[in-house]
Amino acid sequence: SRPLIARMKEIVGPRPAVVPRRGEYVEPLFSIYSAGLEEKAAAFLGSGGRKIHRFLDELGPLYLEEEEIASLDPEGLSFFNVNTPEDLRRAAEIKRRLRP
């Protein structure tokens, strides 16, 4: 969703990250991270850290909440994954619908 990405870019400011959060689920792969986090990430991994949620807790990102996400991407297509043959069929249907 271009509107969702644009909003995230607009609000990131000096924060280390902007991360969409839908209920209890965060979307760390669909996030914006500030440059220069390499040392923090290396220290986190070096201390045995492996869970992205714990790393995010250390960073203190701005979370973009579900209500705002829904207003910018009502179908939640930004977070759609293709993991099964059924998902692939659904992706093809979405593509046909959005790009006739």
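Note that these values count all heavy atoms, side chains included, but never hydrogens, waters or copies made by symmetry. For reference, positions follow the sequence shown, starting with 1.
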**Item:** Side chain proximity check, Asp87 to Arg90, heavy atoms < 4.5 angstrom
**Value:** no

**Asked** When you look at CD of Glu86, are more than 12 heavy atoms from neighbouring residues, nucleotides or ligands closer to it than 6.0 Å?
**Response** yes

**Request:** Considering non-hydrogen atoms only, spot the tightest contact between Asp73 and Ser78 and give its length.
**Result:** OD2-OG, 2.6 Å

**Request:** Specify the closest pair of heavy atoms between Ser31 and Pro20, including all atoms of both residues, with the distance to one decimal.
**Result:** OG-CD, 3.6 Å

**Asked** Roughly how far apart are Ser47 OG and Glu58 CD, rounded to 0.5 Å?
**Response** 6.5 Å

**Prompt:** Leu37: which other cluster members, linking ILVMFWY side chains closer than 4.5 Å, directly or transitively?
**Reply:** Val19, Val26, Tyr33, Phe44, Leu45, Ile52, Phe55, Leu56, Leu59, Tyr63

**Request:** Side-chain contact test, heavy atoms from C-beta onward, threshold under 4.5 Å: evaluate it for Phe30 versus Ile69 and give yes or no.
**Result:** no

Could you pull out every donor-acceptor pair under 3.5 Å between side chains of residues 5-14 and any protein atom, sequence neighbours left out?
unit_1	atom_1	unit_2	atom_2	d
Arg7	NE	Glu68	OE2	2.5
Arg7	NH1	Glu10	OE2	2.5
Arg7	NH2	Glu68	OE2	3.4

**Asked** Quick check: are there more than 12 heavy atoms from other residues, nucleotides or ligands sitting under 6.0 Å from OH of Tyr25?
**Response** no

**Asked** If you round to the nearest 0.5 Å, how far is CG of Leu72 from CD of Glu67?
**Response** 11.0 Å

**Message:** For the backbone of Gly76 and the side chain of Ser1, can you confirm whether one donor and one acceptor N or O come within less than 3.5 Å of each other?
**Reply:** no

**Prompt:** Do Glu66 and Arg22 sit within salt-bridge range, that is, some charged N less than 4.0 Å from a carboxylate O?
**Reply:** no

